[in-house]
Colleague: 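Pasting a structure here, questions to come.
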Amino acid sequence: MKFFRLKNSFNTKEIGRYPQVEKINRLGDLFKIEEIGNTSKINFKWDIPEPIMKKKANVTTLLSVIPFTTALFLTFEKSFINFLENFSVGDFSTWELKIHHKDEVLNNYRLFHLSYPSDDKYIDFEKSDFITITSGGRYEDTSFKPVKINNLNNYLNTLEVVRSAGNLTVTYNKLVLDFSNATEDIIRFIDVTNNLGYYVSERLKNAIEEKGFTGIAFQEIEEMDKRIKVIY
């Protein structure tokens, strides 16, 4: 089953302004929640900021809300959350949002969070090639050293070790994603790829396009990074 990265649309004819939201009324618990939500379910009540849309931004199914990192959260209309019930979606949570737009408050939006990432499930670490490079350096412009990574825990432990030893980090020279046994229609990556965030199956992508949902764009995984190899 083919997968695509799900992104906010940059088409200003459709969305009016990008980002549609770049301000919130208060920070609330956002920083604390982002740390928890990387790899875990958020199962308690928290102080959710209220996004303030730009006056010339249009209302769309998916909103681009800069204060909410898209590696964790997507801001959907409630109708889209209901639509997802027809697809294979893992454990997720939603929260009611108050969106301030011009002189009114929109109450039909939900903050969506898929509880658990899929790095360990769909990255083939043994077939991938990992390297250490200078932290903050461009892959193309810096020297690198190969490092053997066997699984996600090995990757995270190696990353911690090289960072503590100096100005180094771990990235990949080749990253293999294996979706040959995938059953979900929406997943997210949080730890390894340079394109963190949400990915959808071709089945869900086609259904979104057929329904005419707005503010949503898709990107072929192979087009994101020439170092990524995909197995279907």
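Counting begins at 1 with the first residue of the sequence.
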Colleague: Supply the atom-to-atom distance Thr171 OG1 to Ile131 CD1, rounded to the nearest 0.5 angstrom.
Modeller: 6.0 Å

Colleague: Is any side-chain heavy atom of Ile216 closer than 4.5 Å to one of Thr60?
Modeller: no

Colleague: For the residue pair Thr61 and Lys211, establish whether any side-chain heavy-atom pair is separated by less than 4.5 Å.
Modeller: no

Colleague: To check you understand the geometry: which heavy-atom pair defines the closest contact between Lys174 and Ser128, and what is its length?
Modeller: O-CB, 3.2 Å

Colleague: Could you identify which residues cluster with Ile15, counting Ile, Leu, Val, Met, Phe, Trp and Tyr as linked when any side-chain heavy atoms lie under 4.5 Å apart, either directly or through a chain of such contacts?
Modeller: Phe10, Tyr18, Ile66

Colleague: Taking C-beta and beyond as the side chain, do Tyr109 and Val59 meet within less than 4.5 Å on heavy atoms?
Modeller: yes

Colleague: Which atom names give the shortest non-hydrogen contact between Tyr172 and Val192, and what distance separates them?
Modeller: CE2-O, 3.8 Å

Colleague: For the residue pair His113 and Phe73, establish whether any side-chain heavy-atom pair is separated by less than 4.5 Å.
Modeller: yes

Colleague: Tyr155: what forms a ring-ring contact (aromatic ring centres under 6.0 Å, His included) with it, not counting sequence neighbours?
Modeller: Phe130

Colleague: Write down the atom of Ile48, the atom of Arg26, and the distance for their closest heavy-atom approach.
Modeller: O-NH2, 3.0 Å

Colleague: I'd like to know whether CD of Gln219 has more than 12 heavy-atom contacts from other residues, nucleotides or ligands below 6.0 angstrom.
Modeller: yes

Colleague: I need the single residue from Leu168, Val162, Thr132 that forms a side chain to side chain contact (heavy atoms under 4.5 Å, CB included) with Lys145. Which is it?
Modeller: Thr132

Colleague: Consider side chain to side chain contact (heavy atoms under 4.5 Å, CB included). Of Glu223, Met224, Glu220, which one does Arg5 pass it with?
Modeller: Met224

Colleague: For Lys23, does the NZ atom have more than 12 heavy-atom neighbours from other residues, nucleotides or ligands under 6.0 Å away?
Modeller: no

Colleague: Enter the distance from Leu111:CG to Glu96:CD here, rounded to the nearest 0.5 Å.
Modeller: 11.5 Å

Colleague: Got a donor-acceptor contact below 3.5 angstrom from the Ser201 side chain to the Leu204 backbone?
Modeller: yes

Colleague: Within a strict 4.5 Å, meaning less than it, do heavy atoms of the Phe213 and Leu62 side chains meet?
Modeller: no

Colleague: Can a side-chain donor-acceptor contact be found between Glu184 and Tyr122 if the only test is distance below 3.5 angstrom?
Modeller: yes

Colleague: Main chain of Leu114, side chain of Arg188: is a donor-acceptor contact present, judged purely on distance under 3.5 Å?
Modeller: yes

Colleague: In a table with atom names and distances, give each donor-acceptor pair under 3.5 Å that connects a side chain of residues 30-46 to protein atoms at least two apart or in another chain.
Modeller:
| unit_1 | atom_1 | unit_2 | atom_2 | d |
| --- | --- | --- | --- | --- |
| Lys41 | NZ | Asp91 | OD2 | 2.9 |
| Lys41 | NZ | Ser93 | OG | 3.3 |

Colleague: Any chance the rings of Phe3 and Tyr199 have centres within less than 6.0 Å?
Modeller: no

Colleague: Has Asp185 got a side-chain atom pairing as donor or acceptor with Val89's backbone, closer than 3.5 angstrom?
Modeller: no

Colleague: Quick one: does Asn8's side chain have a donor or acceptor within less than 3.5 Å of a partner on Leu63's backbone?
Modeller: yes

Colleague: Who passes side-chain hydrogen bond (donor to acceptor under 3.5 Å, both in side chains) against Ser64, sequence neighbours left out?
Modeller: Gln20

Colleague: Under the rule for side-chain hydrogen bond (donor to acceptor under 3.5 Å, both in side chains), what residues qualify as partners of Ser180, not counting sequence neighbours?
Modeller: Asp178

Colleague: Between atom CZ of Phe68 and atom CG of Leu97, what is the distance when rounded to the nearest 0.5 Å?
Modeller: 5.5 Å

Colleague: Got a donor-acceptor contact below 3.5 angstrom from the Asp29 side chain to the Asp47 backbone?
Modeller: yes

Colleague: Is any side-chain heavy atom of Asn108 closer than 4.5 Å to one of Glu77?
Modeller: yes

Colleague: Which value, rounded to the nearest 0.5 Å, describes the distance between Asp120 atom CG and Leu152 atom CG?
Modeller: 5.0 Å

Colleague: Ile187, Tyr198: one ILVMFWY side-chain cluster at the under-4.5 Å cut-off?
Modeller: no

Colleague: Heavy-atom distance under 4.5 Å between the side chains of Ile81 and Phe112, does that happen here?
Modeller: yes

Colleague: For Asp225 and Thr193, what are the C-alpha separation, side-chain angles and deciding distance, and is it a side chain to side chain contact (heavy atoms under 4.5 Å, CB included)?
Modeller: CA-CA 10 Å; Asp225 188 335; Thr193 76; over 6 Å; no

Colleague: May I ask you to list the residues sharing a hydrophobic cluster with Val176, side-chain cutoff 4.5 Å, ordered by chain and number?
Modeller: Ile231

Colleague: Considering only heavy atoms from C-beta outward, does the side chain of Phe189 approach that of Asn195 to under 4.5 Å?
Modeller: no

